[in-house]
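Position 1 is the first residue of the sequence; numbering continues from there.
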Amino acid sequence: MAVVVASVLAAGALAPAASARPAPAPVQPSGHGIPPLTDDRGRTLTLRGWNVEDKTNRGEAALTAITERHFRDLRANGFNFARLLVFWDDLEPTRGRYSERYLRRVERILDWARKHRVHVLIDAHQDVFGPAFGHRGIPEWATRTDGLPFTPNPDDWFSEYFEPAVQRAFTHLYEDPDLQRAQAAMWQVLAERFGRHPAVLGYDLINEPMGELRAGEDLPTAARRIEAQHLTPMYNRLARAVRAKDRDTWLFVEPTPIVGEGVPTGLGRIEDRRAVYAPHFYNTAMEAGADYDPSAGWIEAYEAAVTAYPARHRMPVVVGEWGPLNNSLPNMGRFYREAVASLNRYSSGWAGYVWCYGSGYCAVDEHGRFRTNKERTATPYAPAVAGTVSSEAYDAGTRTYRLAYRAANRPGVTELSLPPSPRGWRVTVTGPAHVIGTPSRGGWPVVPAWRGGEVVVTVREAGPYGRTDHP
């Protein structure tokens, strides 16, 4: 029987979120044959959130644009995940000398995330390699160009990845033994310092890695070669380095950004059982300002291309970045609806780009209100399920969420996230479980379940005076 407990529990009154460590028992894969992410209780984990960054400030002011408000607002809107951008050039501005000030600021941010129960992925971010080319990421002392030319293109910064000097710098990073050691040492500093922090879910080993094209090579061919010959050995090398300091935290590995065009990755096997495949979900035309074209089949092509590799290698998927710049164009409402539905079919979660207060890519305005269409990312979901999920879906038209799962063979707690709603939510359960904490306007109720048995959770947005708008 479903027993709905009327008392409302504030989010802070719930038990601290479990850390996202590997499950002690096998878990059921998704429909694509992709295993889910799990926490240290063996629960199926779902991450919904945003990137958090400070690309403007550096040196003594590094990370100062990130405040506790970011994490408080993420949690208040139903999100449980933040991909935190950190920069090697700030961490190690002089070779062999790591900034204690920078590490303390990262730790302060992680403490805010812990307070507001937000999982954090530490992302070693780079854009166009680093400061040698006017961006952020890999330090200038680790940038080797062999004197090749670089011409800035501020109107199309991504094209700078194809400048000869930038491409050669990637080759040296991948191939030069001293730079290999420096990159591994940088990650060991982060893993040793933050590996036991309760907020840390994983490490994203490098953001959007690129490489050097060969004469006569088209971009898809080059991407697959770079992924196979450079990225795979780099990831395995960094995994060994991290494991010397931290045995448990998930390691996130990215293909090149070319995957966004529906190109299957050439990555090989990552020799670590805690590896997560972490592609990004961007379309070139939309990034250049075009509206979403539903007839182009881009979302379908991307989903088909991005799922083969993690299914073959039995790796969970978390999409590390996604979201267009011009989110108010006529077809963008449909894009967000179809994109979220696709992401939820095969991934254990995603982080939109970016949680900031303003215009451009920002999720919310200066008052913290969602910008056009971005409110579509805030829907009911289950951050943790104590069992094997058989189906999960959200119908935006009827504002109804349904989760069906087989409870684990030991008692466990399933967590729900309900975004704020002026009309409130109604939660009902069938099976050997009950609801504790049914918030009137949104929150984080939990569903304790007995051993085994099928559980179905249904969440509906309520109408006036507690009635539901839909049967």
Side-chain angles (χ1 to χ4, degrees), residues 51 53 83 85-89 91 121-133 135-139 142-145 157-176 179-180 182-184 186-187 190 202-214 217 219-239 241-242 251-261 263-270 272 275-282 284 287 305-306 309-310 313 315 317-322 351 353:
N51 284 259
E53 68 177 29
R83 180 173 179 260
L85 279 58
V86 301
F87 298 105
W88 185 1
D89 59 293
L91 175 60
L121 172 62
I122 296 177
D123 161 45
H125 206 84
Q126 66 79 31
D127 292 316
V128 193
F129 203 78
F133 306 110
H135 295 271
R136 304 299 310 281
I138 293 137
T143 304
R144 296 169 182 167
T145 66
W157 67 268
F158 192 80
S159 69
E160 296 174 0
Y161 274 110
F162 302 98
E163 287 292 312
V166 175
Q167 296 201 344
R168 184 60 53 84
F170 275 106
T171 297
H172 281 293
L173 176 68
Y174 300 145
E175 295 184 351
D176 292 6
L179 296 184
Q180 292 176 355
Q183 187 185 26
M186 178 271 295
W187 264 115
L190 291 172
Y203 309 123
D204 193 333
L205 297 177
I206 186 171
N207 175 71
E208 296 186 350
M210 290 289 279
E212 190 166 7
L213 278 66
R214 293 174 177 171
E217 198 173 41
L219 192 53
T221 301
R224 288 191 291 267
R225 175 185 54 79
I226 292 165
E227 290 160 349
Q229 298 181 12
H230 288 305
L231 300 189
T232 302
M234 177 188 68
Y235 288 142
N236 282 314
R237 185 167 60 245
L238 295 178
V242 169
L251 301 181
F252 286 56
V253 298
E254 299 187 30
T256 65
I258 311 308
V259 70
E261 297 306 308
V263 177
T265 184
L267 280 175
R269 178 173 294 280
I270 308 303
D272 193 289
V276 178
Y277 186 50
H280 290 181
F281 180 45
Y282 289 123
T284 302
E287 285 299 290
V306 83
Y309 172 79
H313 293 285
M315 297 168 65
V317 175
V318 174
V319 172
E321 288 187 27
W322 74 282
Y353 188 83

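Ring geometry, Trp322 versus Phe281: the interplanar angle falls from 30° to 60°, so the pair is classed tilted. Taking the six-membered ring for Trp and thresholds of 30 and 60 degrees, Trp157 and Tyr161 have ring planes inclined between 30 and 60 degrees apart.
Shortest non-hydrogen contact noted between Pro209 and Pro257 is O-CD, 3.5 Å. The two residues Phe162 and Gln167 make their nearest non-hydrogen contact at CA-NE2, 3.3 Å. Residues Glu227 and Gly266 come closest through the heavy atom pair OE1-N, 2.6 Å. Scanning both residues, Ala239 and Leu251, for their nearest heavy atoms gives CB-CD1, 3.6 Å. Taking both residues in full, the closest heavy atoms of Asp204 and Trp187 are given as O-CZ2, 3.3 Å, listed atom of the first, atom of the second, then distance.
The shortest distance between side-chain heavy atoms of Pro279 and Val317 falls below 4.5 Å. Side-chain contact between Tyr277 and His313 is absent, with no heavy atoms from C-beta onward closer than 4.5 Å. Inter-residue side-chain proximity for Asp123 and Val86 is flagged as unmet; no heavy-atom pair is nearer than 4.5 Å. The closest side-chain heavy-atom distance from Thr256 to Leu231 is below 4.5 Å. Here the side chains of Glu208 and Glu321 are in contact, with some heavy-atom distance below 4.5 Å.
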List the steps, then state whether side chain to side chain contact (heavy atoms under 4.5 Å, CB included) holds for Tyr353 with Tyr282. CA-CA 10 Å; Tyr353 188 83; Tyr282 289 123; 3.3 Å; yes
Please step through side chain to side chain contact (heavy atoms under 4.5 Å, CB included) for the pair Leu190 and Leu91, ending with a clear verdict. CA-CA 9 Å; Leu190 291 172; Leu91 175 60; 4.0 Å; yes
Going through the distances and angles, do Leu238 and Leu205 end up as a side chain to side chain contact (heavy atoms under 4.5 Å, CB included)? CA-CA 8 Å; Leu238 295 178; Leu205 297 177; 4.1 Å; yes
Using the rule given for side chain to side chain contact (heavy atoms under 4.5 Å, CB included), can you reason through Glu160 versus Phe129, listing the C-alpha separation, both sets of side-chain angles and the distance that settles it, and then say yes or no? CA-CA 10 Å; Glu160 296 174 0; Phe129 203 78; over 6 Å; no
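For the pair Glu287 (side chain) and Thr284 (backbone), a donor-acceptor distance under 3.5 Å is absent. A distance-only check finds no donor-acceptor pair linking the side chain of Thr232 to the backbone of Leu267 [under 3.5 Å]. Side chain of Asn236 to main chain of Ile270: no donor-acceptor pair is present (N/O by atom type, distance under 3.5 Å, no hydrogens or angles). Distance alone, capped at 3.5 Å, is enough to place a donor-acceptor pair between the Asp89 side chain and the Gly137 backbone. At least one donor-acceptor pair under 3.5 Å links the side chain of Gln180 to the backbone N or O of Tyr174.
Salt bridge Asp127/Arg136: absent, no basic N to carboxylate O contact under 4.0 Å. A salt bridge links Arg83 to Glu254: one of the charged nitrogens lies within less than 4.0 Å of a carboxylate oxygen.
Once rounded to the nearest 0.5 Å, the distance linking CD1 of Ile206 with CZ of Phe170 reads 6.0 Å. Taken to the nearest 0.5 Å, the NE2 atom of His280 stands 7.0 Å off from the CG atom of Asn51. How far CD of Glu163 is from OG1 of Thr145: 12.0 Å, rounded to the nearest 0.5 Å. Note that OG1 of Thr143 is 6.0 Å distant from CZ of Phe133, once rounded to the nearest 0.5 Å. Distance check: Met234 CE to Gln229 CD gives 14.0 Å after rounding to the nearest 0.5 Å. To the nearest 0.5 Å, atom CD of residue Gln126 and atom CE of residue Met210 are 9.0 Å apart.
Test His172, His230, Arg225, Arg168 against Glu212 for side chain to side chain donor-acceptor pair (under 3.5 Å) and you get one pass: Arg168.
Ring-centre distance between Phe252 and Tyr203: not below the 6.0 Å cut-off.
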